[in-house]
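Convention: sequence-line order gives letters A, B, ...; per-chain numbering from 1. Model, not experiment: these values are computed from the prediction.
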There are 2 protein chains.
Amino acid sequence: MGATKTEHFTNRQNAIAALSKAMAHPARVAIIEYLLKVDSCICGDIVNELPLSQPTVSQHLKELKNAGLIKGEIEGNAICYCIDEKVFQKLQSYFSQIVIKSENKKKNCC
Amino acid sequence: MGATKTEHFTNRQNAIAALSKAMAHPARVAIIEYLLKVDSCICGDIVNELPLSQPTVSQHLKELKNAGLIKGEIEGNAICYCIDEKVFQKLQSYFSQIVIKSENKKKNCC
DNA sequence: TTTTTATATTGCAATATTACGATAAATATT
DNA sequence: AATATTTATCGTAATATTGCAATATAAAAA
């Protein structure tokens with residue numbers, strides 16, 4: 001055992017879980033916030049910004065990219081990473097729906 | 001190695017990561033959606049609803065509860081679980097801010 | 001071409017998560 | 001009291017994540 005049983009859940013449920021997982025580490029949250037803060041996103045500076053080694057940061061960037069939260073474009077010998085809004089919109093609207101549905105249900109319990 | 005270095009990040013970053021982590025498994029997403037769907041939330045039925053054993057479901061419920069996404073109240077020999085809106089509001093507004101800030105930044109790159 | 005700079009990959013150790021059988025605990029029913 | 005029902009906990013195996021040193025890759029600068 002030990003592996004998540006994704007096949008038993010809907011695509012949508014797996015998708016939300018995967019996006020959430022990408023945000024489930026403070027370093028990745030910090031990376032997203034840094035990308036938002038800086039005007040440009042020429043971004044090797046992320047390594048200097050975080051208390052983590054270069055390979056570790058690279059790995060976190062890879063996960064964010066796989067999840068679709070950021071995109072990266074080669075820019076000379078550096079890489080320009082930046083946020084992909086669309087996916088954050090998905091998360092925002094998903095949680096917004098939860099809040100709305102939850103409010104419309106006041107409340108037989110708790 | 002292997003442990004997340006939470007001490008190097010802000011409380012806010014760790015908090016968002018912790019909430020995201022609670023939603024980072026499809027079973028927990030499914031639990032939240034089930035709690036939203038049913039009118040009441042007298043909820044041992046969650047075990048029947050999911051393709052997972054009772055101890056596994058209990059463990060997922062525990063994590064959701066620790067993260068503050070649900071609350072549980074003893075109701076006879078069963079337990080009534082239900083959603084705690086406040087925390088979903090936090091998530092929603094956090095991602096909403098990301099989308100807004102990201103839109104106001106069109107865009108020197110990518 | 002050699003060297004520097006920037007990023008990615010590999011390999012590995014430490015730790016965390018996921019899942020479940022067995023069992024415990026606690027209330028409800030008989 | 002004995003039994004059934006409901007949920008939690010323990011123990012443990014399988015797998016995943018985190019982090020870094022070492023190394024690879026690839027473009028830029030010298």
N/O donor-acceptor pair under 3.5 Å between [X] side chain and [Y] backbone:
X     : Y     : answer
A:R28 : A:E63 : no
A:S20 : A:I16 : yes
A:Q13 : A:T10 : yes
A:D84 : A:K71 : no

- request: Check every strand shown and say whether B:I74 touches a base, only sugar-phosphate, or nothing at a heavy-atom separation below 4.0 Å.
  value: nothing
Please give, in whole Å, the distance from [N] [atom2] to [X] [atom1]?
X     : N      : atom1 : atom2 : answer
A:L50 : D:dC20 : CG    : P     : 11 Å
B:E73 : D:dA8  : CD    : P     : 14 Å
A:E49 : C:dA6  : CD    : P     : 16 Å
A:E75 : D:dA28 : CD    : P     : 11 Å
B:N48 : D:dT6  : CG    : P     : 9 Å
B:E7  : C:dT15 : CD    : P     : 13 Å
B:I70 : D:dT7  : CD1   : P     : 12 Å
B:N66 : D:dA8  : CG    : C1'   : 13 Å

task: Just do the side chain to side chain donor-acceptor pair (under 3.5 Å) check on A:T56 and A:S53 with the steps written out, would you?
output: CA-CA 5 Å; A:T56 303; A:S53 72; 2.9 Å; yes
- line: Taking for B:N77 and for A:L52 the nucleotide of DNA chain D with the nearest heavy atom, the one nearer the 5' end belongs to B:N77
So which protein nitrogen or oxygen atoms get under 3.5 Å of nucleotides 8-10 of chain C's nitrogens or oxygens?
| from | atom 1 | to | atom 2 | distance (Å) |
| --- | --- | --- | --- | --- |
| C:dA8 | OP1 | A:Y81 | OH | 2.7 |
| C:dA8 | OP2 | A:S58 | OG | 3.1 |
| C:dA8 | N7 | A:Q54 | NE2 | 2.7 |
| C:dA8 | N6 | A:Q54 | OE1 | 2.9 |

message: Measuring from the side chain of A:K21 (C-beta onward, heavy atoms only), which nucleotide among C:dT17, D:dA16, C:dC20 has the closest atom?
response: D:dA16
- prompt: Counting side-chain heavy atoms from CB outward, which of C:dA28, C:dA19, D:dA28 is closest to A:T4?
  reply: C:dA19
message: Taking 4.0 Å as the cut-off, does a side-chain nitrogen or oxygen of A:H60 come that near to OP1 or OP2 on D:dG19?
response: yes
- request: May I ask you to evaluate whether A:K5 reaches the phosphate of C:dC20, defined as a side-chain N or O under 4.0 Å from OP1 or OP2?
  value: yes
message: Is the ring pair A:H25/A:H60 parallel, tilted or perpendicular, if the boundaries are 30 and 60 degrees?
response: tilted
- prompt: What are the residues of residues 22-31 of chain B, sorted by number, that bring a heavy atom to within less than 4.0 Å of DNA chain D?
  reply: none
Separation of A:S96 OG from A:Q89 CD (nearest 0.5 Å): 12.0 Å
- line: Here the gap from B:C80 atom SG to B:I74 atom CD1, rounded to the nearest 0.5 Å, amounts to 11.0 Å
Check: B:L69 and B:I83 side chains under 4.5 Å, non-hydrogen atoms: no
